[in-house]
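Heads up, the thing below is written out as structure tokens.
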Amino acid sequence: MQNLYTLPAVDDGAFENFCGGNLNGEHESCIDVAAIPGAEEAFELRDSKPMGAGEKLRVTAAEVDDFVLGWAKKRGLAL
């Protein structure tokens with residue numbers, strides 16, 4: 001597998017917010033996600049909270065899909 005952390009940085013404008021209520025202020029309960037330039041089916045996730053600024057996780061689409069499906073099943077959520 002390609003080392004996703006060696007690929008170019010993701011432009012801040014490329015991120016989408018997926019928010020969970022913003023109980024602590026604007027965009028403080030969100031996870032941001034963007035496609036990684038130069039990679040096929042790879043993404044960067046980041047924390048939207050000020051204390052999590054700069055913390056990023058790079059994953060393949062298959063890894064995200066596996067996580068989402070497992071999380072939904074564990075939580076009893078319908079997709």
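Please read all numbers here as calculations on a predicted model, not as lab measurements.
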N/O donor-acceptor pairs under 3.5 Å from side chains in residues 64-79, not counting sequence neighbours:
none

Exercise. About how many Å separate CZ of F18 and CG of L45, when rounded to the nearest 0.5 Å?
Worked result: 9.5 Å
Problem set entry | Partner residues of E63 under the side-chain hydrogen bond (donor to acceptor under 3.5 Å, both in side chains) criterion, sequence neighbours left out | T60
For this session: Locate the shortest heavy-atom distance separating A14 from A34; write the atom from each residue and the value.
Result: O-CB, 3.5 Å
Exercise. Between P37 and A9, what is the shortest heavy-atom contact and its length?
Worked result: CG-O, 3.7 Å
For this session: Mind jotting down which residue pairs meet the salt bridge (Lys or Arg N to Asp or Glu O under 4.0 Å) criterion with at least one end in residues 8-18? Sequence neighbours excluded, please.
Result: D12-R46
For this session: Can you sort out the partners of I36 under side chain to side chain contact (heavy atoms under 4.5 Å, CB included), two or more places apart, ordered by chain and number?
Result: L4, L7, V10, A39, A42, E44, R58
Problem set entry | Residues forming a side chain to side chain contact (heavy atoms under 4.5 Å, CB included) with A35, sequence neighbours excluded | F43
Seminar exercise, completed: Residues C30 and S48: closest non-hydrogen pair is O-OG, 2.9 Å
